[in-house]
There are 2 protein chains.
Amino acid sequence: MAMRFEERLSDRDGWSIGDGCSAARVLDLLSTKTVFLMVRELFYGTTRFDDFVERAGVSAPAASRALKQLKAAHVAETVTYHAPGSRAREEYRLTGAGKDLLPVFLALMQWGDTHLQDGRPPLVFVEADTGRELRVRVTPDTVRESTSDDIEIRVNPAWRGGPTSR
Amino acid sequence: MAMRFEERLSDRDGWSIGDGCSAARVLDLLSTKTVFLMVRELFYGTTRFDDFVERAGVSAPAASRALKQLKAAHVAETVTYHAPGSRAREEYRLTGAGKDLLPVFLALMQWGDTHLQDGRPPLVFVEADTGRELRVRVTPDTVRESTSDDIEIRVNPAWRGGPTSR
DNA sequence: CCGTATCCTGATAGATACTG
DNA sequence: CAGTATCTATCAGGATACGG
């Protein structure tokens with residue numbers, strides 16, 4: 001680890017590094033596992049309450065609280081969606097700020113794929129246009145970046161696990 | 001959100017998307033805020049127990065538990081460090097797997113900088129060699145990537161906040 | 001079908017006090 | 001300086017039951 005401070009924050013003025021740290025602030029928001037599972041489902045395109053409950057495998061009260069938190073934090077919102085031919089419905093969506101969580105979400109996935117999965121990752125994220133696999137990268141170089149609108153999620157057919165691994 | 005599944009996992013075999021999801025598995029590991037604050041301090045180069053306690057602003061028992069969890073998960077380890085001229089000491093370090101959390105950590109920071117900070121980010125991460133600012137990017141392109149060993153953290157002189165903002 | 005109120009339980013954090 | 005053992009307070013999460 002060559003990561004180092006130009007000057008040590010804690011050596012100045014008696015205030016610690018933690019003050020104002022963006023990572024710490026985010027954690028106040030995304031504190032719980034349930035909240036993060038809701039974000040995952042939002043990225044997967046889940047829009048209806050009961051689907052959040054079932055797919056994330058959490059209780060209805062927990063889902064309710066988590067979604068409310070995300071709305072308060074302006075990460076999610078409910079919009080009235082009017083499907084042609086059926087009556088209007090409210091559905092959950094990521095806000096712009098919510099979509100910006102994509103790198104966080106993918107970075108977490110990527111780490112889990114590398115360090116917690118036995119074989120190949122269960123899901124692969126690719127550019128919708130080209131089918132090229134997407135990765136999160138730390139770099140100073142300017143590259144063309146993808147947003148969550150451009151992404152398609154593929155099920156890895158080689159993945160073993162499934163019902164038995166539950 | 002055009003993110004979509006090639007085939008809907010939950011429509012097959014009665015097993016939900018959550019099963020085996022890497023993000024969910026990571027969250028079992030990095031579950032608590034304290035654990036993540038310890039990871040932050042490890043990236044900042046903190047090595048000694050009391051410094052973790054003071055800089056993260058948590059109690060000693062909480063720090064002890066969190067660091068033990070991280071060791072169990074092979075994210076952190078204690079190594080005997082022998083500084084020339086002084087006697088050997090144990091110190092906390094990130095393992096290889098721990099260093100691989102850099103994109104998660106930076107993505108979290110970056111989101112917080114954009115969406116939770118009033119003005120400019122308190123800290124800037126730059127390539128040690130070139131001084132170029134590092135960003136987390138989602139892209140299919142292959143680019144030269146930085147690891148935590150190549151990074152220097154700079155205090156943004158323009159950042160307002162400090163002692164009063166606590 | 002979309003939630004929410006209530007109650008109960010388990011996990012997590014701080015305070016305190018103590019050991020190598 | 002580097003932890004750990006209790007103990008207690010708080011809080012997230014599930015079960016259950018209920019209203020729009």
May I have the distance from [X] (atom [atom1]) to [N] (atom [atom2]), rounded to whole angstrom?
X	N	atom1	atom2	result
K33(B)	dA12(D)	NZ	P	12 Å
L70(A)	dA12(D)	CG	P	13 Å
L67(B)	dA13(C)	CG	C1'	15 Å
Q69(B)	dG3(D)	CD	C1'	17 Å
L27(B)	dA11(C)	CG	C1'	16 Å
K71(B)	dT4(D)	NZ	C1'	13 Å
F36(A)	dA12(D)	CZ	C1'	17 Å
L37(B)	dT12(C)	CG	P	15 Å

Can you label the angle between the F43(A) ring and the F105(A) ring as parallel, tilted or perpendicular, going by 30° and 60°?
parallel
Parallel, tilted or perpendicular for F52(A) and Y92(A), by the 30°/60° rule?
perpendicular
Side chain of [X]: nearest nucleotide among [options]?
X	options	result
P61(A)	dG14(D), dA15(C), dA15(D)	dA15(D)
R48(B)	dA2(D), dG13(D), dT6(D)	dA2(D)
S64(B)	dG14(D), dA2(D), dT4(D)	dT4(D)
F49(A)	dG3(C), dT16(D), dT4(D)	dG3(C)
S59(A)	dT16(D), dG13(D), dC1(C)	dG13(D)
T32(A)	dA12(D), dG14(C), dA2(D)	dA12(D)

Once you apply a heavy-atom cut-off of 4.0 Å, does Y92(A) come out as touching a base, just sugar-phosphate, or nothing?
sugar-phosphate
Nearest 0.5 Å please: distance from the CD1 atom of I151(B) over to the CD atom of E127(B).
8.5 Å
Between R65(B) and T47(B), which is nearer to the 5' end of DNA chain D once each is assigned its nearest nucleotide?
T47(B)
So, is K68(A) near the phosphate of dT4(C), with a side-chain N or O under 4.0 Å from OP1 or OP2?
yes
Which nucleotide, in any strand shown, forms a Watson-Crick or G-U wobble pair with dG19(D), with both distances under 3.5 Å?
none
Opposite nucleotide pairing with dT4(D), Watson-Crick or G-U, both atom distances under 3.5 Å
dA17(C)
Pairing of E77(A) and R93(A) as salt bridge, 4.0 angstrom limit
no
Measure across A76(A) and L42(A) and return the closest heavy-atom pair with its distance rounded to 0.1 Å.
CB-CD1, 3.9 Å
